[in-house]
Amino acid sequence: MNNSSLQSGCYLTGDGEGGDFWGKSRDVTGLFASLGGGLRRVKLTGIAPQGRLLDCVGRTGTRRALAGNADIVLLDVNDAEIGSYFVADVLIEGAKASCGDAKLMDLIVTLDCENLLPDAETPWNLIRSGKLNRIEMWRSFDAAGRHAWLSVALNHHGYRGLVDAQPGAAYELDGRHITDESSFYCSLGESINGPGGYFGWNLSALNDCLRGGWGASTPFTLNWHHSAESIRRIAEDVAVQREYEGRYLEYLTEIFDSRAVEVNFM
């Protein structure tokens, strides 16, 4: 997706409960470009610094420009909150007046965000622009991209305002495009929670989702279409990864059984 015309707003607050408000930026760039590990150099455009961030604006070039840890909340084009990340060691490297508004500033900061995957930029931009509106948009991603897709789905889930369906629901899982473990969870999440939906990204997370609060209530029925071929592909993927010691389907079935999920292999 071309990000050149997409305003990607955010706001920052000091880390922890009751953290002070640091300001809202009308656009943030560089957040997905790693400098190595979790380190990023980020431009916050059109921000009125407040709190600890404001205290550090005039201290660039010194260690006193280190504002510390924060939470960064991502906003869509309508300024609705869509996700958030913890960021560490926010350091102001540059500050200047923002073009067109003397009351605002453009800040260059470095920060560390290990949980933000580089391939997550496209799904976040789809969410920001309201274009994540149909299932299987993840199919064009490679393995790393599908993993990043799931990380975004997990992060975004709590901002969607979903209510668990009533017990006894039936969900249709289309196995035709399941090629590995990640695509299984992409498909499962969307079968339960719609486009961009999340319902686990490994066996442990799936088990947690089945406890409630993630869009479905047990007992429910899962109709797994084209199951034989998709299961074979998942088995090949986890074998390459040397995970689950060849017992993935056994573990998966045990989890579903223990949570009163009836799976119809079709």
Side-chain angles (χ1 to χ4, degrees), residues 1-132 145 148 151-152 155-156 158-159:
M1 170 178 287
N2 185 354
N3 192 36
S4 60
S5 61
L6 179 63
Q7 290 288 301
S8 307
C10 71
Y11 69 81
L12 293 93
T13 60
D15 177 40
E17 186 176 351
D20 59 325
F21 184 70
W22 284 10
K24 175 183 172 184
S25 170
R26 69 170 179 263
D27 194 26
V28 53
T29 55
L31 193 58
F32 299 93
S34 173
L35 301 177
L39 187 64
R40 272 98 171 141
R41 179 170 289 108
V42 174
K43 182 178 181 181
L44 300 169
T45 302
I47 187 172
Q50 299 181 44
R52 175 66 179 166
L53 194 66
L54 178 60
D55 294 340
C56 296
V57 166
R59 302 170 180 171
T60 56
T62 73
R63 289 300 297 174
R64 296 179 68 196
L66 180 64
N69 301 337
D71 292 309
I72 183 168
V73 179
L74 307 181
L75 305 172
D76 69 10
V77 294
N78 298 312
D79 276 352
E81 298 177 358
I82 57 173
S84 64
Y85 290 94
F86 168 77
V87 294
D89 299 329
V90 179
L91 176 69
I92 300 179
E93 292 193 341
K96 66 177 183 178
S98 188
C99 180
D101 193 333
K103 297 180 181 179
L104 301 179
M105 304 189 74
D106 296 343
L107 301 181
I108 303 296
V109 305
T110 58
L111 53 83
D112 194 282
C113 186
E114 293 183 356
N115 293 330
L116 206 163
L117 305 180
D119 291 306
E121 182 172 17
T122 296
W124 274 128
N125 285 343
L126 288 169
I127 294 169
R128 278 177 166 141
S129 60
K131 294 180 180 179
L132 208 173
S151 76
V152 171
N155 190 302
H156 180 53
Y159 293 83

If you look at every heavy atom in Ser8 and Asn125, which pair is closest and at what distance?
OG-OD1, 4.2 Å
Residues Cys113, Leu111; criterion side-chain contact (heavy atoms from CB on, under 4.5 Å); working and verdict
CA-CA 7 Å; Cys113 186; Leu111 53 83; 4.3 Å; yes
Does the distance from a Lys or Arg side-chain N to an Asp or Glu carboxylate O, for Arg64 and Asp55, drop under 4.0 Å?
no
Does the side chain of Leu91 reach to within under 4.5 Å of the side chain of Thr60, using non-hydrogen atoms?
no
Measuring only between side-chain heavy atoms, which start at C-beta, is Tyr11 closer than 4.5 Å to Phe21?
yes
So among Val73, Asp20, Leu44, Asp71, which one has a side-chain contact (heavy atoms from CB on, under 4.5 Å) with Leu12?
Leu44
Considering only residues two or more places apart or on different chains, which pairs with a residue in residues 42-53 satisfy side-chain hydrogen bond (donor to acceptor under 3.5 Å, both in side chains)?
none
Side chains of Val42 and Val87, heavy atoms from C-beta outward: is any pair under 4.5 Å?
no
Between CG of Leu54 and CH2 of Trp22, what distance do you get to the nearest 0.5 Å?
12.0 Å
Could you give the distance from CG (Leu117) to CH2 (Trp124), rounded to the nearest 0.5 Å?
11.5 Å
Closest heavy-atom contact between Cys56 and Ala67?
SG-CA, 3.7 Å
Check against side-chain contact (heavy atoms from CB on, under 4.5 Å), Arg59 and Ile92
CA-CA 8 Å; Arg59 302 170 180 171; Ile92 300 179; over 6 Å; no
Close side-chain approach of Lys24 to Cys10, heavy-atom, < 4.5 Å
no
Give the C-alpha distance, both sets of side-chain angles, the deciding distance and a yes or no for side-chain contact (heavy atoms from CB on, under 4.5 Å) between Met105 and Val57.
CA-CA 10 Å; Met105 304 189 74; Val57 166; 3.8 Å; yes
Set out, in order, the CA-CA distance, both residues' side-chain angles and the distance that settles side-chain contact (heavy atoms from CB on, under 4.5 Å) for Asp89 and Leu39, then state yes or no.
CA-CA 9 Å; Asp89 299 329; Leu39 187 64; over 6 Å; no
Can you measure from CD1 (Ile127) to OH (Tyr159) and round to the nearest 0.5 angstrom?
12.0 Å
Are the side chains of Pro49 and Leu107 in contact, using a 4.5 Å heavy-atom criterion?
yes
Counting C-beta onward and ignoring hydrogens, is there a side-chain heavy-atom pair between Leu74 and His156 closer than 4.5 Å?
no
Using side-chain heavy atoms (C-beta onward) and a distance below 4.5 Å, is Asn69 in contact with Val90?
no
Spacing of NZ belonging to Lys131 relative to CG belonging to Leu126, to within rounding of 0.5 Å:
8.0 Å
Heavy-atom check, side chain of Tyr85 versus side chain of Leu116, under 4.5 Å
yes
Considering only residues two or more places apart or on different chains, which pairs with a residue in residues 91-118 satisfy side-chain hydrogen bond (donor to acceptor under 3.5 Å, both in side chains)?
Arg26-Ser98, Arg41-Glu93, Ser98-Asp106
Would you find a donor on one side and an acceptor on the other, under 3.5 Å apart, between the side chain of Asn155 and the backbone of Gly83?
no
